[in-house]
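The next block holds one structure in the form of structure tokens; read it before the comments.
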Amino acid sequence: MKILVTGGAGFIGSAVVRLAVSRGHEVVNLDALTYAACLENVASVSGSNLYSFEQADIRDRVRLDEIFNIHRPDVVMHLAAESHVDRSIDGPGDFILTNINGTYNMLEAARAYWVGAGKPADFRFHHISTDEVFGSLGAEGQFTEDTSYDPRSPYSASKAASDHLVRAWHETYGLPVVLTNCSNNYGPFHFPEKLIPVVILNALAGKPLPIYGDGSNVRDWLYVEDHADALLLVVEKGKLGRSYNIGGENERSNLQLVRTLCGILDAKRPKASGSYADQITYVTDRPGHDARYAIDPSRIREELGWRPSVTVEEGLEKTVQWYLDNEAWWKPLQARAGVGVRLGVKG
């Protein structure tokens, strides 16, 4: 199978690229190489004859048509997106242009290619989205695939719009699509502006460990390599027009998560005195911060037989060790625009 992966130099996309190549699939990595992308994420497979790279922006329709015609993929896995909520608060325009207009361009390029190829029955357009489109939960309940959309940030609103476009292209034009909505990812190669890498790297640097509000916000945490496995399963075996929620079944409050990370660091690289938890600092909450996300993954488990392979404790230990072992990867990224600076305070 030849897979066109958009955003394949990003965090989740690169995990998909690495896993797909390891399983013998041909992969075309399409990435604009914006601030959060890093080709070192796919260095382990870049020398494979199964891998090719195209630097392109999904906002450039002409370039997309060229890439489809050159590579003629069997399936598309569309991950390219602006994804940092705090950045969306400060600069929503990029999220509209990339997540909505870019997805429109991808759908139209894919549709033109699919029609021109005679509408092959095995073609798939897999749109990868987020649980944030469903809004915020109270103390009880979980998101299902039938949960009403209720996005609360420019980021989640732009992803919700892209989900609607994908469904519309399926219903109106018959484009063969599948969709997935995932919970919070973590693991190796996570760009150092998100919570888990921020905590790890700030802890090692002796800096404050910032927790928004009182730390009670709850997320379901999904190890990125488990997510990549689920995504490949859905693109191969998911039912057309169907959406699948992918969760880690690992709910933790932000405060619980940070304390767990501190405990792992205390064991792996102890401080001269005290605990890394002593560096925890509470900061002003961000605008519109959703209280809780939780996914019901029953559909993907019952229809496709998938469930996560690691607990959050196992995954966090692997993640901490990866950052301890890979300073040469994360150190240069800390100099990129906005990294290490508090964003999302304009609301």
Shortest non-hydrogen pair, Leu265 vs Leu324, comes out as CD2-CD2, 4.4 Å

Please determine whether side-chain hydrogen bond (donor to acceptor under 3.5 Å, both in side chains) holds for the pair Thr103 and His127, giving the CA-CA distance in whole Å, both sets of side-chain angles, and the decisive distance to 0.1 Å.
CA-CA 9 Å; Thr103 297; His127 178 62; 4.8 Å; no

Note: Arg292-Glu140 ion pair, threshold 4.0 Å (strictly below):
no

Quick one: do Asp146 and Thr144 satisfy side-chain hydrogen bond (donor to acceptor under 3.5 Å, both in side chains)? Show the steps, please.
CA-CA 5 Å; Asp146 297 321; Thr144 72; 4.7 Å; no

Below 30° counts as parallel, above 60° as perpendicular, anything between as tilted: where do the rings of His190 and Phe11 land?
parallel

Please test Trp169 against Glu108 for side-chain hydrogen bond (donor to acceptor under 3.5 Å, both in side chains), starting from the C-alpha separation and ending with a verdict.
CA-CA 9 Å; Trp169 259 243; Glu108 282 292 84; 2.8 Å; yes

With a 4.0 Å cut-off on N to O distance, would you call Arg242 and Glu145 a salt bridge?
no

Before you tell me yes or no, could you show the steps for Tyr223 and Glu314 under side-chain hydrogen bond (donor to acceptor under 3.5 Å, both in side chains), namely the whole-Å CA-CA distance, both residues' side-chain angles and the distance that decides it to 0.1 Å?
CA-CA 9 Å; Tyr223 192 59; Glu314 293 167 338; over 6 Å; no

Do the charged groups of Glu236 and Arg124 touch, with an N to O distance under 4.0 Å?
no

I'd like to check Ile196 versus Thr319 (side-chain heavy atoms, cut-off strictly below 4.5 Å). Are they in contact?
yes

Going by an N to O cut-off under 4.0 Å, is there a salt bridge joining Glu193 and Arg87?
yes

Ion pair present between Lys318 and Glu225, side-chain N to carboxylate O less than 4.0 angstrom?
no

Nearest heavy-atom neighbours spanning Leu79 and Thr6
N-OG1, 2.9 Å

Six-ring centre of Tyr186, Lys194 cation under 6.0 angstrom, axis tolerance 45°:
no

Looking only at heavy atoms, the pair that brings Phe134 and Tyr149 closest together is CE2-CE1, 3.5 Å

Going by side-chain contact (heavy atoms from CB on, under 4.5 Å), Phe125 matches just one of Val166, Val178, Val235, Leu240. Which one?
Val166

Can we say Asp229 and Arg23 salt-bridge, meaning some charged N sits less than 4.0 Å from an Asp/Glu carboxylate O?
yes

Under 30°, 30 to 60°, or over 60°: which ring-plane class applies to Tyr212 and His289, parallel, tilted or perpendicular?
perpendicular

For the student: nearest non-hydrogen atoms of Gly247 and Asp220, plus distance:
CA-OD2, 3.3 Å

Using a strict cut-off of less than 4.0 Å between a Lys/Arg side-chain nitrogen and an Asp/Glu carboxylate oxygen, indicate whether Glu132 and Arg152 qualify as a salt bridge.
no

Could you check whether Phe191 and Trp330 have their ring centres less than 6.0 Å apart?
no

Answer yes if the side chains of Ser183 and Asp131 hold a donor-acceptor pair under 3.5 Å, and no otherwise.
no

Does a salt bridge link Lys159 with Asp163, judged by any charged N lying under 4.0 Å from a carboxylate O?
no

Give a yes/no verdict on a cation-pi contact between Arg336 and Tyr35, requiring under 6.0 Å between NZ or CZ and the six-membered ring centre and an angle within 45° of the axis.
no

